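Quick notes on the structure that follows.
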Amino acid sequence: MRYRLQHIFLSAVLICMGGAAVSQEQPGLRERAEELYRRYEYANAVPLYIKLVDRKNPRLGDLERLADSYLRMNDYESAENWYARISQHEDHVPTHLISYGDVLKMNGKYAEAKKQLQAYVDRTGDIATVAIPLAGCDSALSWMASPTAHKLRNEAAVNTALSEFSVFPLGNMVYYTGEATDGSFRGHYGWTGNAFLRVYTADHSAAGTLGGPAFAGTGINGERYHVGPVAATADRGTLYVTRTHVGKEGGRTREGGRKYRTNALELYVYAQVNGEWVAEPFPYNNVREYSVGHAMLSREGDVLYFVSDMPGGHGGTDIWYCLLQADGSWGQPTNAGGTINSAGDEMFPNIGPDGTLYYSSDGFAGMGGLDVFEATGSKASWSKPTNMRYPVNSAGDDFAYLTTSEDGNGYRGFLSSNRSGGKGGDDIYSFSFDKPKIIILLRGTTSDKQTGGRIEAAVTLFDGKREIIAKKSSGTPGDFEFVLDRNQAYTVLGQKEGYHADSAKVSTRGITRSDTLEVALLLEPMFEVGKTFELENIYYDFDKHNIRPDAAAILDELVRTLRDNPTLKIELSSHTDSRGSDAYNMALSQRRAQSAVDYLVSRGISRDRMEAKGYGETKLVNRCANGVACSSAEHQANRRTEVTVLSY
């Protein structure tokens, strides 16, 4: 999506330049939030907007800015919560349905995204605006039902809670780009709240995995703002490094009586001189007009491909190229053509060992934000790009795909992605593609637990790390089938609106020949008025009522239930054990219940859909009343959080 591109490529820094005279009065909450939003400091604006929308009738504009802030921070789960809230606002407009559909798509909810995008068409008659996203939803549903043989591995040795991406391999080591984590850089990027990007190295094993991450040194990283990604010549003597311009020649915008400056990206060429890196600007940088970056050389080293939003392109950012001249300089930039470039944005070109071009785009039908495509050809003559499908592509942004080796059984390489299940924002993944030797099938059914009748449900296959392997509908017959790998543990999950999900675990360990496994999923109807169910594993520190991170993860599941069922209203209750006075336990349980409700509100649920109720020790589930000797486990059973359905 455009927001991802702005973070990685188009506008790396926004700095307040002053402007019209400003009153000396202390700005109000909304004024402070708006100022941070205008400065692209979304991470800092979010807490203020959350306070602004915590009221019975929040302003639509505040909801919009909050949802958009989360979207630009790539927190798609939170963005979905708030776009769901916007879609229920009496003043929402049709374009909000597009935004809601986009974020549902980026969360892998393709059927739900189609509903919102189609609702936009029904209200406006405008099919052209959403034709590509609608096609992407249909394709994604098909691709997730029949994934390719790519196997992805999160490179946990180099990935952190922040972002790492864009591997460039050189023999037994690689360069990659990441947000600094060691505290050596004081500056941070207000867009994300994290440190600026820097270049790192890591060991590259014969098996294709990474380890031993290290800072690449100040010779490359000595700039103030973003540095990276990197490409290199075959002899490693020359680097092509993307950097944020640090001068004052960037574009300027005026908003709200103030002036702002956006700093473009530029490409620098680093050469080794007496053991030191010496940088020279790429001759076609023009920070007053456009950005240049994401360079990649052809196999022969005589064509330099890069990305730019310079005039003469087909969309936002395009792939361009320069030819190596006889004197060693680069010729004038030429657009790589309308076959691979679209009306959207193309980024992160890479050339594989066989000359295949891999790049990312959001201008063709795809699964999420950026999808990886492949094409054959060179310069401005290319075949029609082909989507690499799932699991190379996902509901998130997938980019910087590169094959590094190939043999008779398959090939290996690297991919960057911010898909769910990673360690941080963007993560580096290695991948393998091998031809299967045996075929193991999983066949199953989805049924109503009360009636026994077959029902259509969404069925997801997870691996042992809870990462999605495939996803499909069981259809009106209520049956499904997946292809499994050898020596793996899986979880298969069935879900349907209005039902409690059901899951089962299966394993292919020990299977040495083709086989078929079977499973039956039984989904129980839910949301009967007056029905109470417990939220398991909601723990509080002793004598405290704040929401711990482990409790937040459980409450997030309740957020999803409330978001996906907008007519559901609940009582959220907290219970204590009998230790302590009755009055104290009653007050503590009320505070805990209120804290849980407050957390749900911060995640996008309207306060008027929830009631906080503390019951203290009045509803014990066992014999452990006042004065009764009980074990710690028995007391723990009474310390619980419950949800009761008030209306649906």
Side-chain angles (χ1 to χ4, degrees), residues 1-11 102 128-136 139 165-166 229 231 240 242 264-267 282 284-286 289-299 302-324 330-352 354-389 392-393 397-403 415-416:
M1 292 186 69
R2 186 69 175 178
Y3 317 113
R4 174 104 202 117
L5 305 180
Q6 287 174 325
H7 168 39
I8 294 179
F9 193 83
L10 289 177
S11 54
D102 283 345
T129 299
V130 296
I132 290 178
L134 278 170
S139 296
F165 61 92
S166 199
Y240 294 85
T242 303
L265 300 192
E266 52 190 346
L267 189 62
F282 185 58
Y284 304 108
N285 293 333
N286 186 346
E289 303 294 335
Y290 50 80
S291 286
V292 174
H294 297 185
M296 172 57 62
L297 288 161
S298 64
R299 288 180 299 167
D302 58 349
V303 184
L304 181 70
Y305 296 97
F306 60 92
V307 173
S308 179
D309 58 339
M310 66 176 61
H314 296 266
T317 58
D318 277 18
I319 298 174
W320 297 72
Y321 69 91
C322 293
L323 299 179
L324 186 65
W330 291 108
Q332 289 288 329
T334 302
N335 191 277
T339 302
I340 61 170
N341 289 316
S342 71
D345 295 273
E346 282 66 50
M347 307 183 75
F348 294 100
N350 276 318
I351 304 296
D354 63 352
T356 300
L357 170 68
Y358 302 101
Y359 69 102
S360 291
S361 174
D362 68 351
F364 304 100
M367 296 188 66
L370 291 171
D371 268 29
V372 178
F373 293 82
E374 64 175 341
T376 57
S378 65
K379 302 172 186 175
S381 178
W382 298 96
S383 64
K384 182 180 179 181
T386 301
N387 191 291
M388 295 290 289
R389 303 175 56 179
V392 169
N393 290 316
D397 291 311
D398 304 290
F399 56 100
Y401 178 100
L402 178 65
T403 57
L415 166 73
S416 300

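Keep in mind that this is a model prediction, so the values were computed, not measured. Nothing fancy with the numbering, it's 1 onward along the sequence.
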key: Results of ring pair (Phe, Tyr, Trp, His ring centres under 6.0 Å) for Tyr321 - residues two or more places apart only   = none
key: Partner set under salt bridge (charged side-chain N to carboxylate O under 4.0 Å, His left out) for Asp318, not counting sequence neighbours   = none
task = Could you check if a side-chain atom of Tyr401 sits within less than 4.5 angstrom of a side-chain atom of Val392, using non-hydrogen atoms only?
result = yes
remark   = Taken to the nearest 0.5 Å, the spacing of Leu415 CG from Phe348 CZ works out to 11.0 Å
task = Sequence neighbours left out, what passes side-chain hydrogen bond (donor to acceptor under 3.5 Å, both in side chains) with Ser361? Give chain and number order.
result = Glu346
request  = Taking side-chain hydrogen bond (donor to acceptor under 3.5 Å, both in side chains) as the test, write out the residues that go with Asn341, two or more places apart.
outcome  = Asn335
message = Applying side-chain contact (heavy atoms from CB on, under 4.5 Å), can you list everything that pairs with Leu324, at least two apart in sequence or on another chain?
response = Asp302, Trp330
key: side-chain contact (heavy atoms from CB on, under 4.5 Å) between Asn387 and Asn393, worked out   = CA-CA 8 Å; Asn387 191 291; Asn393 290 316; 2.9 Å; yes
task = Can you measure from OG1 (Thr334) to CG (Leu323) and round to the nearest 0.5 angstrom?
result = 6.5 Å
query = Looking at residues at least two apart in the chain, or sitting in another chain, which of them share a ring pair (Phe, Tyr, Trp, His ring centres under 6.0 Å) with Tyr359?
reply = none
ask   = Who are the ring pair (Phe, Tyr, Trp, His ring centres under 6.0 Å) partners of Phe282, not counting sequence neighbours?
value = Tyr284, Phe306
query = Considering all heavy atoms of both residues, which atom of Leu297 and which atom of Ile351 are nearest to each other, and what is their separation?
reply = O-CG1, 3.8 Å
inquiry  = On a heavy-atom basis, which atom in His294 and which in Met347 lie closest, and how many Å separate them?
reply    = CE1-CE, 3.4 Å
remark   = Residues at least two apart in sequence or cross-chain that pass side-chain hydrogen bond (donor to acceptor under 3.5 Å, both in side chains) with Thr403, listed by chain then number, are none
query = Which heavy atom in Trp320 sits nearest to a heavy atom in Ser308, and how many Å separate them?
reply = NE1-O, 3.5 Å
request  = Mind checking side-chain hydrogen bond (donor to acceptor under 3.5 Å, both in side chains) for Thr129 and listing every partner two or more places apart, or none if nothing turns up?
outcome  = Asp126
Val292 and its side chain to side chain contact (heavy atoms under 4.5 Å, CB included) partner, picked from Thr242, Leu265, Asn285, Asn286 = Asn285
message = With side chain to side chain donor-acceptor pair (under 3.5 Å) as the criterion, how do Thr317 and Asp309 come out once you've worked through the C-alpha distance, each side chain's angles and the decisive distance to 0.1 Å?
response = CA-CA 4 Å; Thr317 58; Asp309 58 339; over 6 Å; no
task = Please name all residues satisfying side-chain contact (heavy atoms from CB on, under 4.5 Å) with Ser416, sequence neighbours left out, ordered by chain then number.
result = Phe165, Phe399, Ala400, Ile428
query = Would you call Pro385 and Glu374 a side-chain contact if the rule is heavy atoms closer than 4.5 Å?
reply = no
task = Would you please test Lys379 and Val303 for side-chain contact (heavy atoms from CB on, under 4.5 Å) and show each step?
result = CA-CA 8 Å; Lys379 302 172 186 175; Val303 184; 4.2 Å; yes
Residues Thr376, Leu357; criterion side-chain contact (heavy atoms from CB on, under 4.5 Å); working and verdict = CA-CA 6 Å; Thr376 57; Leu357 170 68; over 6 Å; no
ask   = How long is the span from the SG atom in Cys322 to the CG atom in Leu267, to the nearest 0.5 Å?
value = 9.5 Å
query = Do Pro349 and Val307 have side chains that get closer than 4.5 Å, going by heavy atoms?
reply = yes
Check: Asp362 side chain, Asp345 main-chain N or O, donor-acceptor pair, under 3.5 Å = yes
inquiry  = The criterion is side-chain contact (heavy atoms from CB on, under 4.5 Å); which residues satisfy it with Ser378, sequence neighbours excluded?
reply    = Tyr305
task = Would you check if Pro333 and Met310 make a side-chain contact, meaning some heavy-atom pair closer than 4.5 Å?
result = yes
request  = Run the numbers on Tyr358 and Phe373 for ring pair (Phe, Tyr, Trp, His ring centres under 6.0 Å), then give the verdict.
outcome  = CA-CA 6 Å; Tyr358 302 101; Phe373 293 82; over 10 Å; no
Partner set under side-chain contact (heavy atoms from CB on, under 4.5 Å) for Ala375, not counting sequence neighbours = Ile340, Trp382, Ser383
ask   = What's the shortest heavy-atom distance between Ser360 and Leu370, and which atoms?
value = CB-CB, 4.1 Å
task = Starting at CG of Asp397, measure out to CE of Met367 and round the result to the nearest 0.5 Å.
result = 12.5 Å
query = Can you tell me if Ser381 uses its side chain to pair, donor with acceptor, with the backbone of Gly377 under 3.5 Å?
reply = no
